Amino acid sequence: MFRLIGFLVMFTATAGGYMYFDYKMSARWSGREDAEGLTFSEYLSGLSGRLAGMGGAASAAGLPTRLADMLPKPPEGWTVRPTEPGDVDGFLPKSVKKADPKAVAAVKQMGEATGGSGTEVALLTYESGDRKVVIKAIRYPNIIFTSFAAMQQRMELQMMTAEFRGTEFMTVRGLDVTEDLLPEGFRGRYFLANVGAQIHLRVLAPKRMSDEDLVAFFQTLHVKAMNADVIDKVEGLGDVPVIVLASALDDAGREAYLADLAARKAELAAKEAELQQDAAAAAAAAPIKEEDGGGFLGTLFGAGKAAPAEDGSAPAAKAGCVKDKDGVKRCRVESAAPAAD
């Protein structure tokens, strides 16, 4: 009996410690550094989804679970290694003084293996002679896709598209890949795709490489494993053994291909609009400030109330935004608690 009681006490203490740590980390991942404003109920609403996501890819037999293992295998005649910052220099203009600063930043970020808080980054350089291809994948935390507390970050990730001049490039087993045409003077080709808005893929290749040359890289991209590793999965993504190269289509085929792309984009936009409406309704229905509650959970997760000013009035609310290296702006508002009567 005493052994059982001791086990329960140890289990409760361990679980409580884990949940406290995970709660704080979840607040950071959702853009709330000090966890203030992220209620315990919001945390619980995302916990089950994140636990399911942690084991989702692992339970799928035969699928890789590490992001780096989902990236393409080196084609014949190519080698692969971890990327170094200098690997992207050859894609920049010979003189960057007059170059588009946004494009320069995008190319330089391809050589950086860092991401925002809680992200997983895989970054590889493929080499053949003097040619280099740099492929980068960033996976954002599950909490962004399971909690209303991080709805702003989720929508920003969903809306990330071509920054310069996007054009349809190919569809790999259901995954649409866009070429973002870099400004004049840049010596590289820049491609982007995303899986469920949670895994973002970026590819930098020499300008002299043809579309057909690049097929060898995209055809071994493990789209199915990526789809299994995100919260918002797309049914059948990665299962269709078809690669469609836009430039290889005739006029009729290209017209049909573009029509299919437009239909899928419209469907995705409708889902995003519905999600935003749900978020707005939830925000309107929520109280201005949710109390932390009492007892053990209140003590464990309570963030505390803001202290009133010396004149008895409530302190002013503060807002701040920080833009991470991954390009996502994370904002938070510290709401003041009402002054005591």
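Every value quoted in this text rests on a predicted model; they were computed, and no experiment measured them.
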Between the side chain of [X] and the main-chain N/O of [Y], is any donor-acceptor distance below 3.5 Å?
X: T83; Y: L124; value: yes
X: Y140; Y: G118; value: no
X: R173; Y: D239; value: no
X: R189; Y: L181; value: no
X: S210; Y: D213; value: yes
X: K73; Y: L221; value: no
X: S147; Y: I143; value: no
X: N227; Y: K224; value: no
X: T125; Y: V134; value: no
X: K233; Y: V230; value: yes

For a 4.5 angstrom cut-off between non-hydrogen side-chain atoms, does [X] reach [Y]?
X: M70; Y: R66; answer: no
X: V177; Y: T171; answer: no
X: Y126; Y: F217; answer: yes
X: M110; Y: I135; answer: no
X: E212; Y: L245; answer: yes
X: P206; Y: V133; answer: yes
X: F186; Y: V107; answer: yes

[atom2] on [Y] to [atom1] on [X], rounded to 0.5 Å:
X: D250; Y: E255; atom1: CG; atom2: CD; answer: 10.5 Å
X: E112; Y: L123; atom1: CD; atom2: CG; answer: 9.5 Å
X: L204; Y: Q109; atom1: CG; atom2: CD; answer: 12.0 Å
X: L192; Y: D176; atom1: CG; atom2: CG; answer: 11.0 Å

Examine [X] and [Y] and state if one hydrophobic cluster contains both, with Ile, Leu, Val, Met, Phe, Trp and Tyr joined whenever side-chain heavy atoms are less than 4.5 Å apart.
X: W78; Y: L71; result: yes
X: I199; Y: V234; result: yes
X: V121; Y: I144; result: yes
X: L261; Y: V242; result: yes
X: V244; Y: L201; result: no

* Flag if over 12 foreign heavy atoms under 6.0 Å of CG, D251 ->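 Not buried by this count: 12 neighbours or fewer within 6.0 Å.
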* To do: Hey, could you give me each pair passing salt bridge (charged side-chain N to carboxylate O under 4.0 Å, His left out) that has a residue in residues 197-210? Not counting sequence neighbours.
  =>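 Every pair satisfying salt bridge (charged side-chain N to carboxylate O under 4.0 Å, His left out) with a residue in residues 197-210: D130-R208.
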Which side-chain N or O atoms in residues 163-170 pair as donor and acceptor under 3.5 Å with protein atoms at least two apart or in another chain?
none

* Taking only Lys NZ, Arg NE, NH1 and NH2, and the carboxylate oxygens of Asp or Glu, determine whether R154 and D232 approach each other closer than 4.0 Å. =>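 So R154 pairs with D232 through a salt bridge.
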* To do: Please determine if D260 and R264 form a salt bridge, counting it only when a charged side-chain N lies under 4.0 Å from a carboxylate O.
  =>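 R264 and D260: salt-bridged.
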* To do: Start with the C-alpha distance between K132 and D89, add both sets of side-chain angles, then the distance that settles salt bridge (charged side-chain N to carboxylate O under 4.0 Å, His left out), and finish with yes or no.
  => CA-CA 11 Å; K132 289 185 178 71; D89 292 347; over 6 Å; no
So which heavy atom on [X] is nearest to which on [Y], and how close?
X: F218; Y: V172; result: O-CG1, 3.4 Å
X: A99; Y: V104; result: CB-CG2, 3.8 Å
X: G188; Y: L182; result: O-CD1, 3.5 Å
X: L175; Y: L237; result: N-CD1, 3.5 Å
X: A103; Y: P183; result: CB-CD, 3.6 Å
X: V80; Y: P74; result: CG1-CG, 3.9 Å

* **Verdict with reasoning, H200 to L157, per side-chain contact (heavy atoms from CB on, under 4.5 Å)** => CA-CA 9 Å; H200 286 250; L157 289 173; 4.0 Å; yes
* To do: For K94 and R187, run side-chain contact (heavy atoms from CB on, under 4.5 Å): C-alpha distance rounded to whole Å, both residues' side-chain angles, the deciding distance at 0.1 Å, then the answer.
  => CA-CA 9 Å; K94 293 182 179 179; R187 295 175 287 174; 4.0 Å; yes
* To do: Give the C-alpha distance, both sets of side-chain angles, the deciding distance and a yes or no for side chain to side chain donor-acceptor pair (under 3.5 Å) between D229 and Q198.
  => CA-CA 9 Å; D229 199 36; Q198 189 172 358; over 6 Å; no
* **Passing candidate, side chain to side chain donor-acceptor pair (under 3.5 Å) with E156, options Q152, Q158, Q153** =>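 Per the side chain to side chain donor-acceptor pair (under 3.5 Å) rule, the option paired with E156 is Q152, out of Q152, Q158, Q153.
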* Asked: Between H222 and L67, is a side-chain contact (heavy atoms from CB on, under 4.5 Å) present by the stated rule, with each step listed?
  -> CA-CA 10 Å; H222 214 310; L67 192 59; over 6 Å; no
